[in-house]
Number of protein chains: 2
Amino acid sequence: MYTLLKQSIIDKISIPDAEMEAFCNLFCLKTLKKKEFFLREGDISRYEAFVKKGLFKVYHLDEKGTEHILYFAPENWWLVDIDSFHNNVPSMLYIEAIEDCEILVISQSDKEFANQTLPSIEKLFRIMTQKAYVNLQRRMIRNLSKTADHRYQDFIKRYPDLAVRLNNLQISAYLGISHEFLSKIRKKMVSKK
Amino acid sequence: MYTLLKQSIIDKISIPDAEMEAFCNLFCLKTLKKKEFFLREGDISRYEAFVKKGLFKVYHLDEKGTEHILYFAPENWWLVDIDSFHNNVPSMLYIEAIEDCEILVISQSDKEFANQTLPSIEKLFRIMTQKAYVNLQRRMIRNLSKTADHRYQDFIKRYPDLAVRLNNLQISAYLGISHEFLSKIRKKMVSKK
DNA sequence: GATAAAAATTGAACAAGTTCAATAATCCCG
DNA sequence: CGGGATTATTGAACTTGTTCAATTTTTATC
């Protein structure tokens, strides 16, 4: 049950067996079907989860009802709205399964407990947050400096395995463009080959 | 010398006096004049710094030579390219003083030493990275869902004290628009009042 | 205070991306 | 396998934002 989670932790830090066991035992398995939600806008994020199987989208819905995807979370990724989870404020985000999923869930209080009692875990979450920050920073730079065309080509090159699991509505909501415009970009690419 | 730094730490975590002293002693004071650099593209970020006085811009230069500002760092903020610092890769960023500045500098190795020997410090940096991540996430959402007009008004409302220290070239490079367009937005705002 | 440099404004032509509406293709699911 | 729903494509008109070039205003410096 915890194989993937353990591997994902070992890849980031060295951790004594006892701490690993203690930490993993705080998680419980949950399944979500496609279109079900792990978090909705207005909720306070009281759980964090590791994606064991499947794929989620983490997004914000603006006042016009347009979806803006912050990131996709496939296997090995974590689900949480750090903002809501740590500042105890209602979330601006939705976290929705876009495939049938299996996740390992830990509560806010158990995570705090782990942070306080298991020295390796504090480090694990520092490293994870750093990695998330670096990814977001790189994306910010790309969004500020590249055209939609370039961002799309970059996306399918960077995440080929993800690209095939997503439809164009989802990709366009991640790139920050309309799906019609994405369709036109794709057409141009085909004709240029 | 360390008053501001200590206050900034106390605001985030509780820390024994001995750890506080040990940590602060790892920093040394440096001054930079306006237009001097703390980091340049291609450098590997081997130092992290706390801004004691002044104001920096952290930005990327694209292939056309256009500046894209990731964030501004006034007093109480930290200077570092987390990506370069932790992954030991050449930086994509410039960190440049836009006022005469005083900073407290710590080396990568001293920071690692602190992380390993001072338990509070691991927590401090986890919390700081989380805060930075939350800020960046909120900005990402705004950039994806709001027009330039809205983003500008939001910026001057959100950072009024910063807005008066910056010129419009810098603000436009942060908002992700040309300075000419920002000028037109400002004109429209004045006429609507 | 003079003067050079940097920043801000403006307009015109243009490019990038959106919106809306209609149609076509694909995907589910009972 | 059929039919409804979702997804993808296309075109035309439109909006947002860029680029370039000229001019004005402000700032810095000696």
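Residue numbering restarts at 1 for every chain, and letters A, B, ... go by the order of the sequence lines.
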Side-chain donor-acceptor contacts of residues 43-51 of chain B below 3.5 Å, not counting sequence neighbours, with atom names and distances?
residue, atom, partner, partner atom, Å
B:D43, OD2, B:R40, N, 3.0
B:S45, OG, B:Y47, O, 3.4
B:E48, OE1, B:K111, NZ, 2.8

Exercise. First and last nucleotide of DNA chain C in contact with chain A, 5' to 3', at under 4.0 Å to a heavy atom: what are they?
Worked result: C:dG17 to C:dC28
Problem set entry | Residues forming a side chain to side chain contact (heavy atoms under 4.5 Å, CB included) with A:T147, sequence neighbours excluded | A:D149, A:H150
Exercise. Quick one: side chain to side chain contact (heavy atoms under 4.5 Å, CB included) partners of A:S172, sequence neighbours excluded?
Worked result: A:I177, A:H179, A:L182
Problem set entry | Residue list, ring pair (Phe, Tyr, Trp, His ring centres under 6.0 Å) with A:F56, at least two apart or on another chain | none
Seminar exercise, completed: So the stems of DNA chain D, runs of at least three Watson-Crick or G-U pairs (under 3.5 Å), are C:1-30 with D:1-30
For this session: Give me the residues of residues 151-178 of chain A where at least one heavy atom lies under 4.0 Å from an atom of DNA chain D, by number, or none.
Result: A:N167, A:N168, A:L169
Find every protein N or O atom lying less than 3.5 Å from an N or O atom of nucleotides 22-30 of chain D, and list the pairs.
none

Exercise. Who are the side chain to side chain contact (heavy atoms under 4.5 Å, CB included) partners of A:L61, not counting sequence neighbours?
Worked result: A:Y59, A:E67, A:Y94
For this session: Under the side chain to side chain contact (heavy atoms under 4.5 Å, CB included) rule, collect the residues that match up with B:C24, sequence neighbours excluded.
Result: B:Y2, B:L5, B:K6, B:M20
Exercise. Which residues pass the ring pair (Phe, Tyr, Trp, His ring centres under 6.0 Å) test with B:Y159, sequence neighbours left out?
Worked result: B:F155
Problem set entry | Quiz item: cation-pi between B:R139 and B:Y71, 6.0 Å / 45° | no
Exercise. Going by the salt bridge (charged side-chain N to carboxylate O under 4.0 Å, His left out) test, which pairs reach into residues 123-132 of chain A, not counting sequence neighbours?
Worked result: A:R126-B:E122
